[in-house]
Amino acid sequence: MTGLAFLIPIALGMGAAGLAAFFWAMKSGQYEDMDGAANRILIEEEDEA
Amino acid sequence: MNAPPTLASALPPTPAATVLTGTRFTVPGMKCAGCIGKIERELPKIDGITAARVNFSAKRVAIEHASWMDESDLEEALLSIGFEAQRVEDNPMGHDAGERRMLMRALGVAGFGMMNVMLLSVSVWAGAEGSTKELFHWLSAIIAMPVIAYSGRPFFASAWMALKYRRTNMDVPISIGVILATALSLYETITGGEHAYFESAVMLLFFLLAGRALDAMMRDRTRDGIGALLGRMGKSASVIGEDGATTRLEAGDLKPGMLVLVSAGEAMAADGEVEDGSSAIDNAMLTGESAPEQVSPGNTIHAGAINLSSPLRVRLTRTAEDTALAEIARLMDEAGQSRSHYVRIADRASRAYAPAVHTLAALAFVGWMIAGAGWHQSLVIAIAVLIITCPCAMGLAVPTAQVVASGALLKRGLLVKDGSALERLAEVDVAFFDKTGTLTLGEPRPAVHLLDIEARSVALGLSQNSRHPLSKGLTSTLLEAGVQPAEISAVTETAGEGLTGEWNGVSVAIERPHSGAQELAARLRIGGRAQTIIFNDTLRDDAAQTIAHLSAQGITSGIISGDRKEAVEDVAGKLGLPARSSVTPQEKLDALEQVKSEGKHPLMVGDGLNDGPALAAAHASIAPGTASDASQQAADAVFIGRGLMPVALSVDVARATMRVVRQNFGFAIGYNVLAVPLALFGYVTPLIAAIAMSLSSLVVVANSLRLAGAAGKEPEQ
């Protein structure tokens with residue numbers, strides 16, 4: 001039973017962290033341009049960059 | 001506004017004195033990673049531009065620049081690195097994007113709630129007892145209440161609106177079910193009761209939100225402001241005064257009767273009649289036809305036409321709101337209204353479903369009260385009925401099928417704009433095609449088989465030096481035929497006249513034919529020998545197949561074109577279709593309305609702006625990717641590439657989609673027939689509700705996934 005006192009907050013905390021990460025990703029526009037992200041990996045960076 | 005914060009952080013330090021502003025452009029020409037790299041690397045090198053950020057999905061570029069640069073400077077900058085651009089209004093679709101984001105956030109929260117409440121519920125079902133069970137119920141309540149309050153808003157708001165206007169929709173039973181389940185569970189938790197239904201309520205919201213979010217994503221996939229239509233029209237014109245001096249006037253200040261000077265490369269800002277000068281104009285905006293049109297004094301030119309070669313003096317006849325372009329925009333706007341009355345299948349289903357479910361729950365309550373079960377017991381059973389009948393599978397039935405189907409069509413080169421478009425496409429029973437650019441490729445192709453090898457080679461040597469549409473058509477046709485270009489020296493191009501050069505000491509030329517023939521033609525001259533090359537707009541290769549495929553599905557086709565009678569009848573004869581020619585936009589619209597009044601569902605396929613009103617009015621409409629922006633905007637779907645087959649394919653897939661949707665509904669109803677008796681007799685525990693709910697949702701999703709291969713088969717079949 002005492003285990004629950006730790007486990008439940010941990011479970012909740014992990015869930016909340018996942019939710020926070022999802023919100024952050026949405027807010028910083030990571031879902032705005034899904035095709036662009038797929039294409040950007042192919043861009044060659046110039047030396048100065 | 002959509003620009004991610006990286007834009008700001010990527011800015012190099014700028015002098016404090018420079019004021020920066022942001023402007024957004026839509027750049028349809030972006031095709032690959034190279035384009036993204038080029039725009040983001042090259043633009044900031046131009047003086048005044050500090051940063052550029054591409055949104056590839058939306059085909060947009062956000063440019064951060066010094067405030068002294070205006071729209072046309074930036075357009076020019078983009079053009080200098082090879083991209084045509086168009087300014088976008090600050091946030092034309094902010095509302096829709098906001099709705100999608102809100103749904104995504106609600107979905108995230110519901111997902112979080114569902115995982116945690118389920119974790120606790122599984123322990124309860126596994127046999128937690130006494131104080132542990134009570135603790136878990138309380139924890140579930142603490143998690144579930146705010147989650148439901150947040151994630152349920154889209155449903156509560158919509159249900160409230162419906163009730164306020166004394167109507168009912170799918171959201172009414174959902175909201176009542178969720179709210180009652182939550183209230184009952186809270187009561188059970190406080191009184192230390194046996195069952196709490198928190199996980200059912202949260203899970204219900206999660207599945208339904210998933211359906212809604214899919215639907216919203218699909219709607220957002222292709223959207224462009226209708227402003228693109230009038231954006232093409234010239235914004236100002238040089239008016240020639242009494243004294244011969246010119247003044248620049250805004251399009252809105254122009255008056256009929258004014259004489260304006262239209263220089264080469266300028267777009268007309270109003271309709272008018274040519275008084276002096278002769279030139280070629282590009283009317284692609286209005287007709288979708290890419291071949292330039294010759295104009296001379298007495299000819300009418302319309303707003304939006306671009307003067308290609310030499311300056312013209314034009315007497316304005318219709319300005320501002322009266323131009324042909326503005327008229328078409330108005331027709332399109334009105335024609336589009338009728339489509340908004342279309343009732344989607346999910347709404348039709350809910351009209352019958354919601355009252356049935358509510359009656360059933362009420363009857364269950366009354367029945368158990370009469371049977372003497374007591375308030376509490378009767379209420380629990382009534383709520384169980386509501387939970388078990390909550391249209392979870394129904395909420396997923398339509399969007400999952402439509403998202404999978406539109407993904408399959410996308411792979412075959414057809415972009416469907418939203419779910420209702422698929423529903424309407426499935427219902428069409430008669431199809432109308434525009435000719436130029438729809439049944440045909442819309443680009444002039446020369447008949448080169450009459451030329452000998454030498455002539456072909458000379459023609460290619462000359463034509464590859466020019467960017468004139470006819471030269472480009474000639475070049476690509478000859479290159480495709482494997483012709484080697486002859487080496488030609490001293491090539492000069494005279495606008496409106498043609499190309500001349502020297503080949504092996506002989507003077508050669510491609511020039512305008514002197515005959516007043518109606519056909520598009522060019523004359524190839526080698527020394528003293530001259531040959532006329534006739535240009536034709538050829539049919540798409542699979543046009544006949546597509547028509548046959550459509551008729552196999554019971555769809556009769558016809559041609560309705562604004563083009564000349566002879567040209568239309570030629571194509572109609574080849575395809576064996578009935579045709580109407582020389583039709584105005586208004587007449588196209590009338591023809592469609594007539595067919596609709598006969599109770600048929602017309603499909604319009606067209607590309608020109610003159611098809612715009614018809615595209616907007618038809619039961620469903622498709623435009624080729626080469627169509628004017630406004631036509632693409634008005635159409636339900638856009639197909640790319642040289643084939644016409646995607647049109648027939650889209651009807652196939654739309655019908656397959658509706659079959660799957662109906663199966664999904666059938667399944668959801670069948671599930672209710674099995675589950676409702678259980679609920680009515682009080683056998684439904686939270687565990688059974690949870691299993692039934694997720695199982696039915698999974699079956700519906702799995703059934704919808706079958707559509708992934710619906711468009712996969714070869715079009716030849």
Side-chain angles (χ1 to χ4, degrees), chain A, chain B residues 1-7 10 30-42 44-45 53-62 97 100-105 107-120 123 128 130-132 135-136 139-140 142-143 147 213 217 220-221:
Chain A
M1 267 304 278
T2 45
L4 284 179
F6 297 102
L7 292 175
I8 288 173
I10 288 174
L12 281 176
M14 290 200 321
L19 188 65
F22 176 69
F23 272 19
W24 167 79
M26 270 202 31
K27 204 167 182 185
S28 65
Q30 298 196 27
Y31 294 105
E32 293 297 323
D33 186 14
M34 308 279 262
D35 303 328
N39 272 288
R40 266 169 209 282
I41 197 166
L42 300 170
I43 300 177
E44 278 191 60
E45 295 288 333
E46 277 183 345
D47 291 339
E48 72 213 31
Chain B
M1 168 127 193
N2 272 346
T6 40
L7 179 61
M30 283 193 282
K31 295 265 169 0
C32 61
C35 306
I36 305 179
K38 195 169 172 192
I39 291 176
E40 293 190 347
R41 253 197 322 264
E42 300 300 321
K45 288 182 185 166
R53 177 80 188 177
V54 170
N55 182 334
F56 191 71
S57 315
K59 299 269 187 278
R60 295 232 161 108
V61 182
R100 192 193 72 215
R101 257 181 255 158
M102 207 268 275
L103 281 170
M104 290 297 281
R105 273 200 295 272
L107 185 65
V109 170
F112 161 81
M114 185 175 80
M115 283 189 289
N116 285 289
V117 175
M118 195 54 86
L119 191 76
L120 298 164
S123 332
S131 59
T132 317
L135 172 70
F136 280 9
L139 279 172
S140 300
I142 292 167
I143 300 167
V147 165
M217 261 162 64
D220 278 6
R221 205 180 269 167

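A, B, ... follow the sequence lines: proteins, then strands. Residue 1 opens every chain. Not measured: the values here are computed from a predicted model.
For chain B, the nearby part of Ile8(A) is the side chain; its heavy atoms alone come within less than 4.5 Å. The parts of Ala16(A) that come within reach of chain B are both its backbone and its side chain, each placing non-hydrogen atoms under 4.5 angstrom from that chain. With a threshold of 4.5 angstrom between heavy atoms, Leu19(A) approaches chain B through side-chain atoms but not through N, CA, C or O.
With sequence neighbours excluded, the residues that form a side-chain contact (heavy atoms from CB on, under 4.5 Å) with Leu119(B) are Ala11(A). Residues satisfying the side-chain contact (heavy atoms from CB on, under 4.5 Å) test with Phe22(A), not counting sequence neighbours, are Met26(A), Tyr31(A), Met104(B).
In this structure, the side chains of Ile36(B) and Leu42(A) stay at 4.5 Å or more apart for every pair of heavy atoms.
Phe23(A) and Val109(B) make their closest contact through CZ-CG2, 3.6 Å (heavy atoms, listed as atom of the first residue, atom of the second, distance).
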